[in-house]
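Have a look at the structure below before the remarks.
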2 protein chains.
Amino acid sequence: MRDMKDMIPIYYRLADDIKCQIESGQLKHGDMIPTEGQLGESYGISRMTVRRGLALLAEAKLIETVKGKGSFVTRLKLSRVVIDLQDNPAGSGEALRYRLLTVKFARDNNVPAQELKLEVGAKVIHLKRLLYQGEHIIAIENKWMPYLKGKPLLETQLEYANFPEVVAKHQDSVPVRNDVVISVNTLSSEQAELLGEEPCSPALVIKQVIYSKEDKPLGISYMVCHKDRFQLRANSYLYSGKL
Amino acid sequence: MRDMKDMIPIYYRLADDIKCQIESGQLKHGDMIPTEGQLGESYGISRMTVRRGLALLAEAKLIETVKGKGSFVTRLKLSRVVIDLQDNPAGSGEALRYRLLTVKFARDNNVPAQELKLEVGAKVIHLKRLLYQGEHIIAIENKWMPYLKGKPLLETQLEYANFPEVVAKHQDSVPVRNDVVISVNTLSSEQAELLGEEPCSPALVIKQVIYSKEDKPLGISYMVCHKDRFQLRANSYLYSGKL
DNA sequence: TAGTGGTCTAGACCACACT
DNA sequence: GTGTGGTCTAGACCACTAT
């Protein structure tokens, strides 16, 4: 029995020890770490507890375990970067808020609507709203989604919720995937006027397509962002999870 | 004892069952799922095995467990988006390759070098390289990192490795964090010429700063991307991990 | 054949949350 | 107190990998 005073689980200490050995370079990419039996013996703990520690390391992608062979230190990766689109992506400070400009019904005759792959003649809702930070407009959002009878869009939802939430509230099926493309474009004169910029000045464009479990598109969003007032911040860590 | 024929672990089946109940709406945000004891009894398995299934659901952020209370269905989130900067971020098709343009030594008198927070007078390496896809230049990269004696930069590393790897090979300490800012700018005439664009046309700018465990900046990279030949693709899933 | 990780059990004690 | 999840044990059998 271990001492329970220190509140920190033994499997966590084991994982942290190995993590430090990897960070310091004692264990290098490709090295095999001691077997579960050896670790259990040297720490004086049972194999199940050892496995729990190794599971933490595997979750953080610091090791890989191979059945019949052993556990091996993986190559360190820093290339997967996480952006939280919900977390204030603009300059820090004042809170964000939305203002709904227009709600229109469209047929499937325009390009965004066609991407929704609806039956011919099906109706599409087209939303246009502005994203404010303080008194400044920092982005223009255009959204298209299939019109479902009996699933009204409440204005409160439209004003405040972010894109995946708007779609979720309006659909029967649960949205499970969000494909995002980040690119650059020049502003149309209408967009430039809204954003207080010169026409043809550059802007960040974020396109989102939300899919159901059956891979059916449930909504499309184009977000045109003011180049100075909207930056995407992201970061990646060598290890993630509970370590 | 369970039947081992079906190769699919019981804890996984349990997790998948609950996942389906969440997806279908039978279990909603905030609902408590059955206790570990109840699940163990209804599946005829031990509590440890139940816990393993619930760990999968927790890892996928589908449930949250609270000590002394129970496990609850979380709110569905689609706002965290993952970009793999290593995974071909340009138009699909031909492979990417790097070409080193210049390697210079700089003092800490320019802005990027100052961001590295070195001692006064310390030397900085400045790399400039081009990212090709096929015959097209799709991005211009500028990198700054502290100059370390006895840690030479091999050309092969400079030609092929991506930014975190270049930094990792040149440093004593292991890089553990990569902060990224994605924004928009207009091309200088020199940049425009390299990219085959008009001066002042828009471009995507990706700035990366890599930090050590001690939060010391180990390298800075500015990447200016051709607006039509380089798009950032990303996606997010409602649940991640092994489910 | 021996060694490895993968799955699972049937208990135990603990800390925490309710009432 | 009762019920919950959190930790941990000392075994067991299996499947895979090496030799």
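Quick caveat, the model's predicted, so the values are computed rather than measured. In what follows, chains carry the letters A, B, and so on, assigned in the order in which the sequence lines appear, proteins first and then strands, with residues in each chain numbered from 1.
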Please tabulate, for the side chains in residues 25-34 of chain A, all donor-acceptor contacts under 3.5 angstrom to protein atoms that are two or more places apart in sequence or on a different chain.
unit_1	atom_1	unit_2	atom_2	d
Gln26(A)	NE2	Ser24(A)	OG	3.2
Asp31(A)	OD2	Lys28(A)	N	2.8

List for me each residue that meets salt bridge (Lys or Arg N to Asp or Glu O under 4.0 Å) alongside Asp179(B), sequence neighbours excluded, and say none if there are none.
Arg177(B)
Rounded to the nearest 0.5 angstrom, the CG-OG distance for Leu204(B) and Ser183(B) is 7.5 Å
Which residues satisfy the side chain to side chain donor-acceptor pair (under 3.5 Å) test with Tyr211(A), sequence neighbours excluded?
none
The salt bridge (Lys or Arg N to Asp or Glu O under 4.0 Å) partners of Asp17(B) (sequence neighbours excluded) come to none
To the nearest angstrom, the CD-P distance between Glu41(B) and dG11(C) comes to 14 Å
Sorted by chain and number, sequence neighbours left out, side chain to side chain donor-acceptor pair (under 3.5 Å) with Thr49(B) holds for Ser46(B)
Contact nearer the 5' end of DNA chain C, comparing Thr65(A) with Gly68(A)
Gly68(A)
For atom NZ of Lys67(B) and atom P of dC16(C), their distance in whole Å
5 Å
Gap between atoms NZ and C1', on Lys69(A) and dG6(C) respectively (whole Å):
16 Å
Can you pull out the residues from residues 27-39 of chain B that lie within a 4.0 Å heavy-atom distance of DNA chain C?
none
Tell me whether the OP1 or OP2 atom of dT7(D) has a side-chain N or O from Tyr11(A) closer than 4.0 Å.
yes
What pairs with Ser212(A) under side chain to side chain contact (heavy atoms under 4.5 Å, CB included), at least two apart in sequence or on another chain?
Ser173(A), Glu214(A), Lys216(A), Leu218(A)
Could you give the distance from CD (Gln208(B)) to CG (Asn178(B)), rounded to the nearest 0.5 Å?
4.5 Å
Distance-only check: which donor-acceptor pairs under 3.5 Å involve side-chain atoms of residues 59-73 of chain A, not counting sequence neighbours?
none

Looking at residues at least two apart in the chain, or sitting in another chain, which of them share a salt bridge (Lys or Arg N to Asp or Glu O under 4.0 Å) with Arg51(A)?
Glu36(A)
Would you kindly give the CE-to-P distance between Met48(A) and dA12(C), to the nearest whole Å?
18 Å
Measure from the side-chain heavy atoms of Pro9(B) and tell me the nearest of dG6(C), dC8(C), dG6(D).
dC8(C)
Dot-bracket, 5' to 3', for DNA chain C please: Watson-Crick or G-U pairs under 3.5 Å, [ ] where pairs cross earlier ones, | where the partner sits on another strand, dots elsewhere.
||||||||||||||||||.
Between atom CZ in Arg47(A) and atom P in dC14(D), what is the gap in whole Å?
14 Å
Over how many whole Å does the gap from Tyr43(A) atom OH to dC8(D) atom P extend?
13 Å
Side chain of Ile10(B): nearest nucleotide among dC8(D), dG6(D), dC8(C)?
dC8(C)
What integer distance in Å separates Phe72(A):CZ from dC16(D):P?
17 Å
Going by heavy atoms closer than 4.0 Å, what residues in residues 49-61 of chain A are next to DNA chain D?
Thr49(A), Arg52(A)
Name all residues meeting the side chain to side chain donor-acceptor pair (under 3.5 Å) criterion together with Lys19(B); count only those two or more places apart in sequence or in a different chain, and write none if there are none.
none
